[in-house]
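Right, one structure below, let's go through it.
Letters A, B, ... mirror the listed sequences (proteins, then strands); counts begin at 1.
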There are 2 protein chains.
Amino acid sequence: MGSTESKNKFKDFLLSQGLKSTNQRELILEEFLRAGSHLSTEELYIRLRKKHPRIGYATVHRSLKLFAQCGIAEQRHFGDGQARYEASDHDEHHDHLICVSCGKIVEFEDPRIEALQVEVAGEHGFSIERHRLELYGSCADCSSIT
Amino acid sequence: MGSTESKNKFKDFLLSQGLKSTNQRELILEEFLRAGSHLSTEELYIRLRKKHPRIGYATVHRSLKLFAQCGIAEQRHFGDGQARYEASDHDEHHDHLICVSCGKIVEFEDPRIEALQVEVAGEHGFSIERHRLELYGSCADCSSIT
DNA sequence: TTTAAGTTGAAATCCGTTTTCATTTGGGCG
DNA sequence: CGCCCAAATGAAAACGGATTTCAACTTAAA
Ligand SMILES: [Mn+2]
Ligand SMILES: [Mn+2]
Ligand SMILES: [Zn+2]
Ligand SMILES: [Zn+2]
């Protein structure tokens, strides 16, 4: 999903829900799309405050929730205790590799793992709605430093 | 790992760390092992309080952390915002199927998925230390009710 | 026993998240 | 345009689970 596409989708969402287009929401969305993925509310807020000191944390928080509702962002939780958001850049699902040393996050997708998940769930009578797969370890850079 | 084995392992751990064996720790460990798995601190505390109203929440919390440190328990986080603990009943790793409707948790282990995880990580230069795989959906009972 | 170190429980504190509320703003309507 | 009101905003308060503080108490070694 491109940047323009996301913005349009958000505008449509606001209209459809009887919500209003505001300057803050535009600024926040813009910065969210500009910034790298997997940002926490706090991180995005700090970035925004540099150029727009009057924006409140609560508004950033509420906007991110709207982005998620509308489908242009997704909330994630990697065990550090705070929610992170990433743009839904494509329709494809992906999982994450996380370096426990430097914090780097790499995305991946493996159809074989996905298929096995469905199979295993089926064996237990479950139908899967969603899943979470996170691999924690050392990235190449951090391994070589050792 | 049997109940007696866990108790011994914990005693050894306390000794080795210069910590003390106390009545509370024994009661808490006993109830932890007796109760079903995946209990939150709060849930264990409530169970304990019925027979032993003088035990404090903080002590339950601290004991669970000790159990985890010592290796007889593991902390888990399933997206409901609170930590859960389970006894390390066996040395084998396992993942979880979680019913979003009734909350049932089923454990599973699939060597094929585990192998693929290592393979995928390797392709990205990562060496895995640990992982988290959770499948959320509807269990057989909840699916049939629909 | 005596004593030092560890433990306990109640209450306070932490910290990310969410809500409250007085005030401001967006945008439909005349 | 201005009016009006529902929605949005930002500062501050509230929330909730995890963690810490601290004075009183317990453990176990001497
Ligand atoms: Mn991602
Ligand atoms: Mn389990
Ligand atoms: Zn790294
Ligand atoms: Zn169920």
Side-chain angles (χ1 to χ4, degrees), chain A residues 7 10-32 38-70 73-85 103, chain B residues 10-32 38-70 73-85:
Chain A
K7 288 181 194 173
F10 187 53
K11 278 218 169 99
D12 293 348
F13 170 78
L14 291 179
L15 269 180
S16 75
Q17 304 289 306
L19 304 178
K20 290 173 178 172
S21 221
T22 69
N23 203 242
Q24 286 93 329
R25 283 175 179 168
E26 276 174 33
L27 289 171
I28 294 168
L29 179 52
E30 200 123 341
E31 189 62 33
F32 172 66
H38 311 119
L39 253 64
S40 67
T41 309
E42 177 78 17
E43 286 164 355
L44 184 56
Y45 169 62
I46 287 172
R47 288 183 63 122
L48 279 159
R49 210 173 37 176
K50 288 181 183 159
K51 292 190 182 172
H52 311 282
R54 326 208 45 173
I55 288 186
Y57 180 94
T59 305
V60 177
H61 167 80
R62 288 184 285 229
S63 296
L64 283 170
K65 288 214 322 193
L66 284 180
F67 299 166
Q69 257 182 263
C70 138
E74 281 176 66
Q75 198 188 52
R76 300 279 188 182
H77 288 272
F78 306 123
D80 68 345
Q82 62 192 333
R84 294 178 175 279
Y85 292 84
Chain B
F10 187 54
K11 279 218 169 103
D12 292 348
F13 170 78
L14 291 179
L15 268 180
S16 75
Q17 303 290 307
L19 304 177
K20 289 173 178 171
S21 222
T22 70
N23 203 241
Q24 285 93 330
R25 283 174 178 167
E26 276 174 34
L27 289 170
I28 294 167
L29 178 52
E30 200 123 340
E31 188 64 31
F32 172 67
H38 311 119
L39 253 64
S40 67
T41 308
E42 177 77 18
E43 286 165 352
L44 183 57
Y45 169 61
I46 287 171
R47 288 183 63 122
L48 278 159
R49 212 174 32 177
K50 288 179 183 159
K51 291 190 183 173
H52 310 283
R54 326 209 46 174
I55 287 186
Y57 180 94
T59 304
V60 176
H61 167 81
R62 289 185 284 228
S63 296
L64 284 169
K65 287 213 324 192
L66 285 180
F67 299 165
Q69 257 182 266
C70 138
E74 280 175 67
Q75 197 188 51
R76 300 278 188 182
H77 288 271
F78 307 123
D80 67 344
Q82 60 191 334
R84 294 179 176 279
Y85 292 84

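Using a 4.5 Å heavy-atom cutoff, the side chains of B:Gln24 and B:His52 are not in contact. At a threshold of 4.5 Å between non-hydrogen side-chain atoms, the residues B:Thr41 and B:Tyr57 count as touching.
Residue A:Arg54 is classed as a sugar-phosphate contact, given heavy-atom separations below 4.0 Å to backbone atoms only. In this structure, B:Arg62 reaches the bases: a heavy-atom distance under 4.0 Å links it to at least one base atom across the strands shown.
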Identify the pairs formed between an N or O of the protein and an N or O of nucleotides 26-30 of chain C at a distance under 3.5 Å, and give each distance.
unit_1	atom_1	unit_2	atom_2	d
C:dG26	O3'	A:Ser21	O	3.3
C:dG26	N2	A:Lys20	NZ	3.2
C:dG26	N3	A:Lys20	NZ	3.3
C:dG27	OP1	A:Ser21	N	3.3

Filtered N/O pairs between nucleotides 11-14 of chain C and protein, under 3.5 Å:
none

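Applying the salt bridge (charged side-chain N to carboxylate O under 4.0 Å, His left out) test to A:Lys65 and every residue at least two apart in sequence or in another chain returns nothing. A:Glu74 is linked by a salt bridge (charged side-chain N to carboxylate O under 4.0 Å, His left out) to A:Arg76, counting only residues two or more places apart in sequence or in another chain. Every residue two or more places apart in sequence or in another chain that forms a ring pair (Phe, Tyr, Trp, His ring centres under 6.0 Å) with B:Phe78 is listed here: B:His38, B:His96. Residues forming a salt bridge (charged side-chain N to carboxylate O under 4.0 Å, His left out) with B:Arg47 (at least two apart in sequence, or on another chain): B:Glu31. Remark: B:Phe13 pairs with no residue by the ring pair (Phe, Tyr, Trp, His ring centres under 6.0 Å) rule, at least two apart or across chains. Scored by the salt bridge (charged side-chain N to carboxylate O under 4.0 Å, His left out) test, B:Glu42 finds no partners at all (sequence neighbours excluded). Scanning for ring pair (Phe, Tyr, Trp, His ring centres under 6.0 Å) contacts around B:Phe10 gives B:Phe67, with sequence neighbours left out.
Under a 4.0 Å N-O distance rule, the pair A:Lys7/A:Glu30 qualifies as a salt bridge.
Within residues 43-53 of chain B, no residue has any heavy atom under 4.0 Å from DNA chain C. At a non-hydrogen distance threshold of 4.0 Å, nothing from residues 74-85 of chain A comes into contact with DNA chain D.
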Can you list the steps and then say if B:Leu14 with B:Arg25 is a side chain to side chain contact (heavy atoms under 4.5 Å, CB included)? CA-CA 10 Å; B:Leu14 291 179; B:Arg25 283 174 178 167; 4.0 Å; yes

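In this structure, the CD1 atom of B:Ile28 is 11 Å from the C1' atom of C:dG9, given to the nearest Å. Between A:Leu14 atom CG and C:dT25 atom C1' there is a gap of 15 Å when expressed in whole angstrom units. If you take CG of B:Leu64 and P of C:dT8, they are 12 Å apart, rounded to a whole angstrom.
Taking all atoms of both residues into account, the shortest heavy-atom contact from B:Gln75 to B:Ala83 is NE2-CB, 3.6 Å. Counting all heavy atoms, side chain and backbone alike, B:Leu66 lies closest to B:Leu19 at CD2-CD1, 4.0 Å.
From B:Gln82, atom CD reaches atom NE2 of B:His77 across 10.5 Å, with rounding to the nearest 0.5 Å. Atoms CG and CD1, on B:Leu44 and B:Ile55 in that order, are 9.0 Å from each other to the nearest 0.5 Å. Separation of atoms OG (A:Ser21) and CG (A:Leu15) is listed at 7.5 Å; rounding is to 0.5 Å.
Between chain B and DNA chain D, the heavy-atom contact criterion of under 4.0 Å yields a 5' to 3' nucleotide range of D:dG17 to D:dA28.
OP1 or OP2 of C:dT18 sits under 4.0 Å from a side-chain N or O of A:His61.
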